[in-house]
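See below for the structure under consideration.
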Amino acid sequence: MVRSRWPDGVEGLFFPDCRSVHTFFTFLNPDLVFLDKNGKILRIVSSASAWRLYFGPSDCRDTLELPAGGAQRLGLRPGVAVQFSFLS
């Protein structure tokens with residue numbers, strides 16, 4: 001995603017069956033939230049740096065990418081389960 005800001009109306013990106021994320025060509029410094037199969041937060045990387053690889057814990061299944069500071073704004077923390085609302 002070669003962008004300098006998040007697209008309008010996008011609150012986050014959900015990557016199912018994704019245990020690792022790269023930030024190559026990404027200049028947004030997103031928050032990365034690694035989830036287990038039940039949606040429980042395993043790890044949060046705040047303001048991920050560009051040009052890096054990030055790996056979730058061994059029991060990670062999905063990854064949620066939020067604008068920088070989004071995890072804190074939403075009160076997310078490891079151990080908390082999240083639920084999603086998808087728009088079509």
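Quick caveat: nothing in here was measured; it's all calculated off a predicted structure.
Linking ILVMFWY side-chain heavy atoms closer than 4.5 Å, directly or via other members, places Phe34 and Leu53 in two distinct hydrophobic clusters. Both Leu66 and Ile41 are members of a single hydrophobic cluster when ILVMFWY side chains are connected at heavy-atom separations under 4.5 Å. Residue Val45 is grouped with residue Val21 when hydrophobic side chains (ILVMFWY) are merged at heavy-atom distances under 4.5 angstrom, including chains of intermediate members. Residues Phe14 and Val33 are members of one and the same hydrophobic cluster, defined by side-chain heavy-atom contacts under 4.5 angstrom among Ile, Leu, Val, Met, Phe, Trp and Tyr. Transitive grouping of hydrophobic side chains (ILVMFWY, heavy atoms separated by less than 4.5 Å) brings Ile44 and Leu74 into a common cluster.
For the atom pair Asp62 CG and Phe15 CZ, the distance stands at 11.5 Å (nearest 0.5 Å).
The backbone N or O of Ala68 lies less than 3.5 Å from no partner atom in the side chain of Ser47, so there is not a single donor-acceptor pair. Not a single donor-acceptor pair under 3.5 Å links the side chain of Asp31 to the backbone N or O of Ser46. Remark: the backbone N or O of Phe55 is not paired with any side-chain donor or acceptor of Arg19 at under 3.5 angstrom. A side-chain donor-acceptor contact under 3.5 Å links Thr63 to the backbone of Cys18. Judged by distance alone, with hydrogens and angles left aside, the side-chain atoms of Thr23 form a donor-acceptor pair with the main-chain N or O of Trp51 at under 3.5 Å.
The only option from Asp17, Leu42, Asp36 that meets the side-chain contact (heavy atoms from CB on, under 4.5 Å) definition with Arg61 turns out to be Asp17.
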Does the side chain to side chain contact (heavy atoms under 4.5 Å, CB included) test come out yes or no for Tyr54 and Ser49, once each step is laid out? CA-CA 10 Å; Tyr54 292 92; Ser49 298; 3.7 Å; yes
